[in-house]
Amino acid sequence: MAEPGLGGRPEHLTPVPGPEPAVDAGTLLKAVARGDEKAFGTLYDLVAPRVYGLIRRVLRDPAQAEEVAQEVLVEVWRTAARFDPDRGSPTAWVFTIAHRRAVDRVRAEQAAAERTMRVGAASVDTPYDAVADEVAVRLERQQVRHCLGDLTELQRQAVTLAYYQGHTYPQVSELLDLPLPTVKTRMRDGLIRLRDCLSAGVAA
């Protein structure tokens, strides 16, 4: 019988498991393109912090940065099939979308501020384009309200608090008395269902 420590491993000991294999973003994107929600959840967890960090450097408002980050991830879910590995890495593709969205939001905010100043300074009737924009916005809001009704109660509360009342994720977590990871998961799932509902409405 071998002495402990002098050759042979005691039977009650098991080998230490090796490190988990690295997650490949390209493989995840291919699965997401096929509609694999589990793969999207893994990709979401992989890139969301860096997407938010990139956008936060462009936008000063943390709440807006979170909103744009969610828009980016929904766009990744919706357009994953467009990723071309010959033109760059998966993460570079995602970050390009994030940067474009952040810059677009800055430009939109600047344009809105300029329009407000022009309207305030001019005593003329509202232009046709502004009326058309207002009608389009109202129709979109009606469709969004309809689609919100298809969410679970928790998803609807989380999305409403974040996107309609301007709360950050930590604030939503505190208001709903739920762990922050749970809030983020419900928000992600809710946005996926909203995207599908709104896309169906456009197709109809």
Side-chain angles (χ1 to χ4, degrees), residues 20 23 25 28-29 31-80 90-91 94-95 97-106 108-109 112 136-202 204:
E20 292 291 329
V23 179
L28 291 174
L29 266 177
V32 171
R34 297 192 297 269
D36 188 332
E37 293 189 10
K38 184 177 179 181
F40 177 69
T42 303
L43 182 66
Y44 184 105
D45 294 336
L46 178 67
V47 302
R50 287 183 288 171
V51 166
Y52 173 78
L54 186 155
I55 294 170
R56 185 70 179 84
R57 290 196 291 270
V58 179
L59 299 173
R60 296 181 180 180
D61 183 1
Q64 282 202 44
E66 286 185 354
E67 181 179 343
V68 173
Q70 289 298 324
E71 291 175 357
V72 168
L73 291 162
V74 170
E75 182 173 348
V76 169
W77 162 260
R78 186 172 53 84
T79 64
T91 50
V94 173
F95 297 151
I97 295 174
H99 186 264
R100 185 187 70 241
R101 283 272 188 171
V103 171
D104 286 347
R105 176 59 65 93
V106 170
E109 291 292 322
V137 168
R138 289 184 180 181
L139 290 174
E140 183 178 347
R141 286 175 180 171
Q142 289 176 1
Q143 187 177 5
V144 169
R145 281 197 295 269
H146 167 74
C147 291
L148 282 172
D150 291 338
L151 304 183
T152 66
E153 181 64 23
L154 182 53
Q155 289 171 346
R156 183 164 54 253
Q157 288 177 339
V159 170
T160 299
L161 286 170
Y163 292 100
Y164 291 92
Q165 298 182 20
H167 294 290
T168 64
Y169 282 9
Q171 290 171 336
V172 173
S173 172
E174 184 177 350
L175 288 167
L176 296 180
D177 193 23
L178 290 171
L180 185 57
T182 300
V183 168
K184 289 184 176 181
T185 299
R186 296 298 179 270
M187 189 82 69
R188 183 192 68 210
D189 294 344
L191 288 171
I192 289 173
R193 293 183 66 175
L194 271 179
R195 188 270 305 177
D196 291 342
C197 178
L198 292 170
S199 296
V202 171

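This chain uses plain numbering: 1 for the first residue, then up along the sequence. All heavy atoms count here, side chains included; hydrogens, waters and symmetry mates do not.
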Derivation and outcome, side-chain contact (heavy atoms from CB on, under 4.5 Å), residues Leu154 and Leu178: CA-CA 10 Å; Leu154 182 53; Leu178 290 171; 3.3 Å; yes
side-chain contact (heavy atoms from CB on, under 4.5 Å) assessment of Thr91 paired with Arg50: CA-CA 10 Å; Thr91 50; Arg50 287 183 288 171; 4.0 Å; yes
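- Nearest approach of Leu59 to Val68, heavy atoms of both residues: CD1-CG2, 3.7 Å.
- Atom CG of Leu28 sits about 8.5 Å away from atom CG of Asp36, to the nearest 0.5 Å.
- Contacts of Arg56 classified as salt bridge (Lys or Arg N to Asp or Glu O under 4.0 Å), with partners at least two apart in sequence or in another chain: none.
- Side-chain contact annotation: Tyr44 with Gln70, donor-acceptor N/O pair under 3.5 Å present.
- To the nearest 0.5 Å, the span separating CG on Asp61 from CD on Glu66 amounts to 9.0 Å.
- Taking every heavy atom of both residues into account, Ala39 and Val32 meet most closely at C-CG2, 3.9 Å.
- With rounding to the nearest 0.5 Å, the separation of CD1 in Ile192 from CG in Leu73 is 9.5 Å.
- Residues passing the side-chain hydrogen bond (donor to acceptor under 3.5 Å, both in side chains) test with Arg57: none are found, sequence neighbours excluded.
- Shortest non-hydrogen contact noted between Ala65 and Tyr52 is CB-CE1, 3.6 Å.
- In this structure, Glu174 CD and Leu180 CG are separated by 11.5 Å, a value rounded to the nearest 0.5 Å.
- With values rounded to the nearest 0.5 angstrom, Gln64 atom CD is found 5.0 Å from Arg105 atom CZ.
- When all heavy atoms of Val51 and Ala98 are compared, the closest pair comes out as CG1-CB, 4.0 Å.
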Evaluation steps, side-chain contact (heavy atoms from CB on, under 4.5 Å), between Arg101 and Ile55: CA-CA 8 Å; Arg101 283 272 188 171; Ile55 294 170; 5.7 Å; no
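- A distance of 6.0 Å separates CZ of Arg188 from CG of Asp45, quoted to the nearest 0.5 Å.
- Taking both residues in full, the closest heavy atoms of Val183 and Ser173 are given as CG2-CA, 3.6 Å, listed atom of the first, atom of the second, then distance.
- If you check the side chains of Glu153 and Gln157, you find a donor sitting under 3.5 Å from an acceptor.
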